[in-house]
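Taking it in order: structure first as structure tokens, then the write-up.
When a ligand or atom number is given, it counts from 1 through the structure's own listing order.
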Amino acid sequence: MRRAAFQLKKPGMSQPEVLATVSALRQRIRQWRAAGGTVAIVPTMGALHAGHIALVKLARARCERVVVSIFVNPTQFGPTEDFARYPRSLEADLAAIASVGADAVFHPGEAEMYPPGFATTVTLGGPAAAGLEDKFRPTHFQGVATIVAKLLLQASPDAAVFGEKDFQQLAVIRQMVRDLDIPVDIVGAPTLREADGLALSSRNVYLDERQRKFAAHLNQSMQWAARRVRDGEDRLEAVREAAASICGAGFVIDYLELRDARTLAPALPGQAPGELRLLAAARMGRTRLIDNIAVDG
Ligand code: AMP
């Protein structure tokens with residue numbers, strides 16, 4: 001059964017309108033546009049934290065109307081990944097979104113996004129084949145790009161806000177939008193972190209108390225390596241020693257690499273620190289964390 005658009009109301013709190021179908025989303029956005037408003041979208045998989053909320057605030061600063069999408073996209077998870085146990089917390093998400101005053105939440109069911117017979121995906125090159133996330137999650141970006149392309153076509157927003165936390169994803173989306181002439185401004189937002197440097201992530205809830213304590217070593221060691229690169233020390237050694245320290249904290253590293261921040265190609269020996277990004281993925285128990293930082297940040 002198709003759910004219609006409905007309005008959740010709570011006393012003292014203006015809940016965003018929740019839209020469950022593409023036609024309801026399009027209708028609402030048409031109304032906003034008829035009234036002269038510009039529109040931003042913030043795509044998410046829910047389980048919202050302060051990092052997501054910062055994206056919504058940025059969207060609000062850019063456009064008069066903001067829609068947040070919440071959809072745990074099955075096609076971006078590999079067969080052995082955490083799709084089934086990915087945290088889902090719609091009520092709390094709506095309350096968090098209400099607190100920053102987004103106008104609507106697009107929360108489609110799976111059949112709305114992938115109806116029976118769905119058969120099209122976006123094929124990617126360039127940054128999607130950089131040998132980082134794609135090496136460990138071979139079908140991930142195809143799933144991400146397909147769902148983002150759909151969301152951009154469904155909402156036809158002026159702007160779409162994505163976090164630098166998923167740095168390769170941001171590069172993949174910029175490339176897709178450029179190559180397919182999708183008329184939208186892609187806005188990148190800085191990564192929000194806990195006080196000890198751990199990047200906020202919906203997956204941090206998987207960490208037990210002890211793992212959470214050690215998880216901060218990932219970012220701390222990356223900061224240390226970046227500082228050494230900035231100071232002109234031997235780059236290979238800086239990265240190697242940071243990797244050793246990350247492993248010492250209990251991580252198994254998928255990658256820790258210095259890359260060209262624009263193309264994500266491997267860093268060239270003479271490249272200025274300002275052109276470089278340090279990117280990592282590492283597993284603590286069953287939890288896989290990613291992070292990245294500017295080398296001259
Ligand atoms: P997700 O729900 O994990 O797919 O993330 C939705 C959006 O939030 C993506 O654009 C992410 O890059 C962004 N995001 C996730 N974590 C953070 C963070 N700690 N700071 C800023 N943005 C983030």
Inset, instruction - Using a strict cut-off of less than 4.0 Å between a Lys/Arg side-chain nitrogen and an Asp/Glu carboxylate oxygen, indicate whether R277 and E164 qualify as a salt bridge. - result: yes

Inset, instruction - Report the residues that fulfil ring-ring contact (aromatic ring centres under 6.0 Å, His included) with H140, sequence neighbours left out, ordered by chain and then residue number. - result: none

Legend entry - Check: E133 and L279 side chains under 4.5 Å, non-hydrogen atoms: no

Legend entry - side chain to side chain donor-acceptor pair (under 3.5 Å) partners for D82, two or more places apart: R203, Y206

Output side-chain donor-acceptor pairs under 3.5 Å for residues 155-163, partner residues at least two apart or in another chain, one line each.
from, atom 1, to, atom 2, distance (Å)
D158, OD2, R33, NH1, 3.0
D158, OD2, R33, NH2, 3.0
D158, OD2, V39, N, 2.7

Inset, instruction - Starting at OG of S201, measure out to CG of D166 and round the result to the nearest 0.5 Å. - result: 8.0 Å

Pairs under 3.5 Å, N/O atoms on ligand 1 and on the protein: can you put them in a table with the distances?
from, atom 1, to, atom 2, distance (Å)
ligand 1, 2 (O), M45, N, 2.9
ligand 1, 2 (O), H52, NE2, 3.1
ligand 1, 5 (O), H52, NE2, 3.4
ligand 1, 10 (O), G163, N, 2.8
ligand 1, 12 (O), G163, N, 3.2
ligand 1, 12 (O), G163, O, 3.2
ligand 1, 12 (O), D166, OD2, 2.6
ligand 1, 16 (N), L200, O, 3.4
ligand 1, 19 (N), L192, O, 3.0
ligand 1, 19 (N), L200, O, 2.8
ligand 1, 20 (N), L192, N, 2.8

